[in-house]
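Everything below concerns the one structure shown next.
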Amino acid sequence: MNVSRHQGIALGIGAMLLASLTLSFSIHAQPGAASTPASVASVTSAASVASMPATPPVAVAPLRGMVIDADTKQGIPLAYVVSGDTTVRTDHDGRFTLPASMAGQAVGARMPGYRQQQGKLQAPNAGPTMLTLRKFESRGLYLSAWGIGSSKLRGDALALIAQTNLNTLVIDVKGDAGIVPYRSEVWEALGYPKQTVVTVHDMPALIKDLHDKGIYLIARVVTFKDDKMANAKPQWAIKTSGGAIWKDREGLAWLDPSIPATWEPAVAMAEEAAKLGFDEIQFDYVRYPDTPGLQFSQPNTWEVRPFMISAFLDKARQRLAKYNVYTSADIFGYVCWNLNDTLIGQQLEMLSDRLDYLSPMLYPSGFTWGIPGHVMAVGSPYEIVHHSLQAAIERSGMSGVRFRPWLQSFKDYAFDRRVFGEKEIRAQIQASEDVHAQGWLLWNASNHYSTAGLNMKKLPMSPAAKPATAVASVP
């Protein structure tokens, strides 16, 4: 909103009045000062002098603290420190200060590339509050609302995590078809129809159990692809050129990102997930559809699209700040290459300013036109991932720790229908590691995964165990 300017005369009068009031306050606030003119001092009443404190109030020292790396014991610059509604960032030495009145309050710290940490603010006389962060790379699997509620699919995923170096689960909180796995407290209040499907009956208990296993939890929140809300509030839906509610290839309607009111459902569900204890919120379908000829409340142009997506992310980040959760978003793979917004509102540099992590969907099957030097994308899984991430890192000026790609763990659908197995999955993982990305995530819509391409955990050898024979057996 623009602020109107005052006329010059009004400003001049206001400035003179403010100056005279400031001078008067300055004089009265310093009784007995040698520089106070006698004519002015004489108008100060005895009563007002008597009411002034004999000594100035004692300044209260602020709370001091430091965020350090668990391995190096060195301070972490620019880490986020959160207590209640207050968020500050550490200085170049990893130090921070907060008001003394906040002593005893809960405090958290986070920094991309680390697991967040919680603690309590020490009193000023108890020394600085020390918050220790450990480096962390997510290596995860996706589970839908059905998958997390299925004892079989969830059990298989947990067994795989126990056997391999996987450490993360991405769980639908608001899925593609609008299914929330748990009984939500805000769903119906937002205007959605009553929940008819609940796959997890005690989400807080499940989250605790998963955390007890050391698993990092990411809540997936599908944003503008929202058939249920688009039908509940058709005035919010994207329309066809003829004015009807538009539906995508899956028969699902979308919300118009250029209507700010449509941002609230995803933000509210993300906030609920943060309250439940998820470590990170990941927004998916945080974009415009890639279909031409549709109607929006504002022009579908470069001047509008990326700014609306950025404004949504700003709102989400502000609402989620006090929960000390990380925020991330899924983006098209070609966003790593295109200088524009890829016609969907996703422009790399604008997104990087508003998210902790970017998760480009680097599925080779999704690179219809390939990349420079590699037209047959599914035949170059390493190059697709490596070159795309490298392009994004060089363009954005960010380190690889800000990128965590989605990798293909499903059969090709666009080229030759090949199965993505050991070789293809391993190549994608290796490419992510070679650019020092913040881990990687495997996508399979049916939630079926195997050990293919994964590193198995090394089990400690029993002291009584005999060394393996040097003679290899014939397979």
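These numbers come from a predicted model, not from an experiment.
Pairs passing the salt bridge (Lys or Arg N to Asp or Glu O under 4.0 Å) check and including a residue from residues 144-153, sequence neighbours excluded, read K152-D156. Sorted by first then second residue, the salt bridge (Lys or Arg N to Asp or Glu O under 4.0 Å) pairs that include residues 329-355, not counting sequence neighbours, are R305-D341, D314-R354, E349-R395. Residue pairs that meet the salt bridge (Lys or Arg N to Asp or Glu O under 4.0 Å) test with at least one member in residues 262-271, sequence neighbours left out, are E264-K315, E264-R319, E271-R319. Applying the salt bridge (Lys or Arg N to Asp or Glu O under 4.0 Å) test to pairs two or more places apart or on separate chains, those with a residue in residues 165-183 are D172-R220, K174-D226, D176-R220.
Here the straight-line distance linking atom CG of L454 with atom NZ of K457 works out to 11.5 Å at 0.5 Å rounding. Atom CZ in R154 sits 14.0 Å away from atom CH2 in W146 (nearest 0.5 Å). Atom-to-atom distance recorded for L169:CG and I218:CD1 is 9.0 Å, nearest 0.5 angstrom. Rounding to the nearest 0.5 Å gives a distance of 5.5 Å between CG of L63 and CG of L121.
In terms of modelled atom types and a separation under 3.5 Å, the side chain of N231 and the main chain of D227 share a donor-acceptor contact. In this structure, the side chain of Q438 engages the main chain of F136 through a donor-acceptor pair within 3.5 Å. Looking only at distances, a side-chain donor or acceptor of S450 sits under 3.5 Å from a matching main-chain atom of A452. Remark: side-chain polar atoms of Q195 are paired, donor with acceptor, to backbone N or O of S184 under 3.5 angstrom. Side chain of R402 to backbone of S352: a donor-acceptor contact under 3.5 angstrom is found. At distances below 3.5 Å, at least one donor-acceptor pair connects side-chain atoms of K228 with backbone N or O atoms of A177. The backbone N or O of D93 sits less than 3.5 Å from a side-chain atom of D91, completing a donor-acceptor pair. Side-chain atoms of T132 never come within 3.5 Å of backbone atoms of I68 as a donor-acceptor pair (strictly under, hydrogens ignored). Checked by atom type and distance alone, the side chain of T223 pairs as donor or acceptor with a backbone atom of D284 at under 3.5 Å. For S409 (side chain) and N444 (main-chain N/O), no donor-acceptor pair under 3.5 Å exists by modelled atom type.
Between W254 and Y285, the distance separating the two ring centers is shorter than 6.0 angstrom. In this structure, F403 has its ring center no closer than 6.0 Å to that of Y357. F224 has its ring centre less than 6.0 Å from the ring centre of F312.
Under the salt bridge (charged side-chain N to carboxylate O under 4.0 Å, His left out) criterion, R134 pairs with no residue, sequence neighbours left out. Applying the salt bridge (charged side-chain N to carboxylate O under 4.0 Å, His left out) criterion to D248, with sequence neighbours excluded, gives K225. Under the rule for a salt bridge (charged side-chain N to carboxylate O under 4.0 Å, His left out), K120 has no partner lying at least two apart in sequence or in another chain. By the side-chain contact (heavy atoms from CB on, under 4.5 Å) test, S399 pairs with V401, sequence neighbours left out. Not counting sequence neighbours, the partners of L153 by the side-chain contact (heavy atoms from CB on, under 4.5 Å) test are S150, N447, H448. Annotation: side chain to side chain donor-acceptor pair (under 3.5 Å) contacts of N340 (sequence neighbours excluded): none. Qualifying salt bridge (charged side-chain N to carboxylate O under 4.0 Å, His left out) partners for E188, counting only residues two or more places apart in sequence or in other chains: none.
A heavy-atom distance below 4.5 Å is found between the side chains of Q282 and W406. Residues Y382 and H387 form no side-chain contact, since every pair of their non-hydrogen atoms from C-beta on lies 4.5 Å or further apart. Side-chain contact between M269 and L190: present, with at least one pair of heavy atoms (C-beta onward) separated by less than 4.5 Å. Within the 4.5 Å cutoff, the side chain of K208 has heavy atoms near those of the D212 side chain. Side-chain atoms of P381 and Q408, non-hydrogen and from C-beta on, never get closer than 4.5 Å to each other. Within the 4.5 Å cutoff, the side chain of V180 has no heavy atoms near those of the T199 side chain. Annotation: side chain of I309 is in contact with side chain of L351 (closest heavy-atom distance under 4.5 Å). Using a 4.5 Å heavy-atom threshold, the side chains of L141 and L160 count as touching.
T451 and Q163 form no side-chain donor-acceptor contact under 3.5 Å, judged by distance and modelled atom types alone. Using modelled atom types and a 3.5 Å distance limit, the side chains of W337 and S388 yield a donor-acceptor pair. Of the N and O atoms on the side chains of S258 and S297, at least one donor lies less than 3.5 Å from an acceptor on the other residue. Neither side chain, Y288 nor D256, offers a donor N or O lying under 3.5 Å from an acceptor on the other. Between the side chains of T327 and E280, no donor-acceptor pair is found at a separation under 3.5 Å. A side-chain donor-acceptor contact under 3.5 Å links E272 and Y182.
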Derivation of the side chain to side chain contact (heavy atoms under 4.5 Å, CB included) call for Q428 and L362 | CA-CA 9 Å; Q428 294 175 90; L362 301 183; 5.9 Å; no
Worked check of side chain to side chain contact (heavy atoms under 4.5 Å, CB included) between R139 and T168 | CA-CA 6 Å; R139 299 179 293 272; T168 297; 5.7 Å; no
Could you go step by step and tell me if W440 and E433 meet the side chain to side chain contact (heavy atoms under 4.5 Å, CB included) rule?
-> CA-CA 9 Å; W440 38 266; E433 294 174 348; 4.0 Å; yes
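Across I76 and T90, no two heavy atoms sit closer than the pair O-OG1, 2.7 Å. Between A321 and T87, the shortest heavy-atom distance links the atoms CB-OG1, 4.2 Å. Closest of all the heavy-atom pairs between P181 and V173 is CD-O, 3.7 Å.
A perpendicular orientation is assigned to the rings of F410 and Y363, their planes being inclined by more than 60° (bins at 30° and 60°).
Between E424 and K411 there is no salt bridge, since no side-chain N of the basic residue sits under 4.0 Å from a carboxylate O of the acidic one.
Under a cut-off of 6.0 angstrom, the local environment of CD in Q318 is sparse, with at most 12 non-hydrogen atoms contributed by other residues, nucleotides or ligands.
For the ring pair (Phe, Tyr, Trp, His ring centres under 6.0 Å) with W443, the lone residue among Y142, Y449, F420 that qualifies is Y142.
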Return a table of donor-acceptor pairs under 3.5 angstrom between the side chains of residues 100-119 and protein atoms on other chains or two or more places apart.
from: Q105; atom 1: OE1; to: S83; atom 2: OG; distance (Å): 3.3
from: R110; atom 1: NE; to: V325; atom 2: O; distance (Å): 3.4
from: R110; atom 1: NH1; to: N324; atom 2: OD1; distance (Å): 3.1
from: Y114; atom 1: OH; to: D69; atom 2: OD2; distance (Å): 2.7
from: Q116; atom 1: NE2; to: D279; atom 2: O; distance (Å): 2.9
from: Q116; atom 1: NE2; to: N324; atom 2: O; distance (Å): 3.2
from: Q118; atom 1: OE1; to: N324; atom 2: ND2; distance (Å): 2.8

